[in-house]
Novice: 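Mind having a look at this structure? Questions to follow.
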Amino acid sequence: MSHDTSSLEGLRIDRSAAPPKSTGGLMVLIVIVLLAAGAGAAFWARQPKAIMVQVATAQEFAPGTQDKTLLNASGYVTARREATISSKTTGKVIDVLVEEGMKVEEGQVLAHLDATNTQASLDEAQAQLESMKRALTETQPTLENAERDLDRYTQLSTQNFVSKSDLDRYTTQVAALKAKVDHQQADIAVAERTVAVWKQQLDDNTIRAPFAGVVISKDAQPGEMISPISAGGGFTRTGICTVVDMSSLEIDVDVNESYINRVQPGQ
């Protein structure tokens with residue numbers, strides 16, 4: 001019976017011993033704390049940084065003090081190069097190829113004047129030049145033939161086969177033909193200059209921009225008369241348009257004479 005009792009005592013659970021501690025919950029808590037700390041750090045890093053402010057002490061200057069370095073003055077922005085484009089001669093405007101605000105380049109055509117009479121005069125001068133050239137072409141062979149006859153008569157004269165009067169006649173003829181050729185060549189030179197003058201006048205009927213810039217005003221319309229000088233009691237325009245070179249802008253400032261000592265080079 002005692003043997004059975006000892007066997008039963010061995011099967012009894014010992015309630016007095018402390019249960020083993022579990023570490024799984026502690027690890028989960030540590031992981032949660034670390035994740036919360038990382039999220040907080042990331043949120044803090046995304047916040048806008050504080051603006052660095054530099055603090056300076058303001059100082060008030062009384063009028064007329066010598067420590068004042070700024071100069072207050074009013075003025076205007078102006079262009080150093082500005083031109084009202086006109087023509088060299090008086091004429092009627094055929095067309096105007098620009099508008100206000102348009103950018104133009106140097107040499108660009110701005111307008112045309114009526115060149116009908118100038119073109120007719122140029123055609124006449126060119127025709128006269130061609131006629132003079134043809135006359136010279138006809139005279140030169142005659143001179144060459146006369147020079148050959150003179151050479152032949154000169155040789156015959158040395159042999160006393162021709163009279164001196166015949167030789168003098170051919171000599172005079174050659175001299176007259178040479179003078180005629182020289183005169184015709186001079187006339188041709190004058191005619192060429194006349195043609196050049198009419199070509200220039202024809203080109204003057206085309207008005208071009210003298211420099212690159214911006215058109216700020218359109219002063220003439222097709223059909224109006226334009227002249228380099230004021231004439232006609234106000235019915236004649238003196239310009240086609242006004243062009244301003246925007247690369248030559250400068251400031252025109254009016255400075256009181258009492259502050260002129262504050263103006264310095266490079267200010």
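Owing to the predicted nature of the structure, the values given are computational and were not obtained by experimental measurement.
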Novice: Are more than 12 heavy atoms from other residues, nucleotides or ligands located less than 6.0 Å from atom CZ of Arg169?
Specialist: yes
Novice: I need the minimum non-hydrogen distance between Ile94 and Leu113, along with the two atoms involved.
Specialist: CG1-C, 3.5 Å
Novice: Let me check something: do Ile216 and Val77 share a hydrophobic cluster, defined by ILVMFWY side-chain heavy atoms less than 4.5 Å apart, either directly or through other members?
Specialist: yes
Novice: Going only through I, L, V, M, F, W and Y residues with side-chain contacts under 4.5 Å, is there a path from Met102 to Leu110?
Specialist: yes
Novice: To the nearest 0.5 Å, what is the distance between CD (Gln185) and CG (Asp187)?
Specialist: 10.0 Å
Novice: Between Arg148 and Asp151, does any side-chain N to carboxylate O distance fall below 4.0 Å?
Specialist: no
Novice: side-chain hydrogen bond (donor to acceptor under 3.5 Å, both in side chains), that's the test. Do Thr238 and Ser86 meet it? Break it down for me.
Specialist: CA-CA 6 Å; Thr238 56; Ser86 184; over 6 Å; no
Novice: I need the minimum non-hydrogen distance between Trp198 and Thr118, along with the two atoms involved.
Specialist: O-CG2, 3.8 Å
Novice: Working to the nearest 0.5 angstrom, can you tell me the gap between Glu82 CD and Met246 CE?
Specialist: 9.0 Å
Novice: Can you measure from CD (Gln119) to CG (Asn117) and round to the nearest 0.5 angstrom?
Specialist: 11.0 Å
Novice: Do the side chains of Lys218 and Glu99 get close enough for a salt bridge, i.e. N-O under 4.0 angstrom?
Specialist: yes
Novice: About how many Å separate CZ of Arg134 and CD of Gln184, when rounded to the nearest 0.5 Å?
Specialist: 12.5 Å
Novice: Show the nearest heavy-atom pair for residues Ser87 and Ile226, with the distance to one decimal.
Specialist: OG-CG2, 3.9 Å
Novice: Could you state whether Ile240 and Met225 fall into the same hydrophobic cluster, counting links through intermediate Ile, Leu, Val, Met, Phe, Trp or Tyr residues with side-chain heavy atoms under 4.5 angstrom apart?
Specialist: no
Novice: Would you say Ile85 ends up clustered with Val96 if hydrophobic residues are merged whenever their side chains have heavy atoms under 4.5 Å apart, either directly or through other cluster members?
Specialist: yes
Novice: Which pair of heavy atoms, one from Ile188 and one from Leu129, lies closest together, and at what distance?
Specialist: O-CD1, 3.6 Å
Novice: Identify the two heavy atoms, one from Val109 and one from His112, that lie closest to each other, and give their separation to 0.1 Å.
Specialist: CG1-CE1, 3.5 Å
Novice: Going by heavy atoms in the side chains, are Thr90 and Pro228 under 4.5 Å from each other?
Specialist: yes
Novice: Any side-chain heavy atom of Arg152 sitting closer than 4.5 Å to one from Gln155?
Specialist: no
Novice: Write down the atom of Ile251, the atom of Val253, and the distance for their closest heavy-atom approach.
Specialist: CG2-CG2, 3.2 Å
Novice: Salt bridge or not for Arg208 and Asp203, using N-O below 4.0 Å?
Specialist: yes
Novice: Using 0.5 Å steps for rounding, measure from the NZ atom of Lys199 to the OG1 atom of Thr194.
Specialist: 12.0 Å
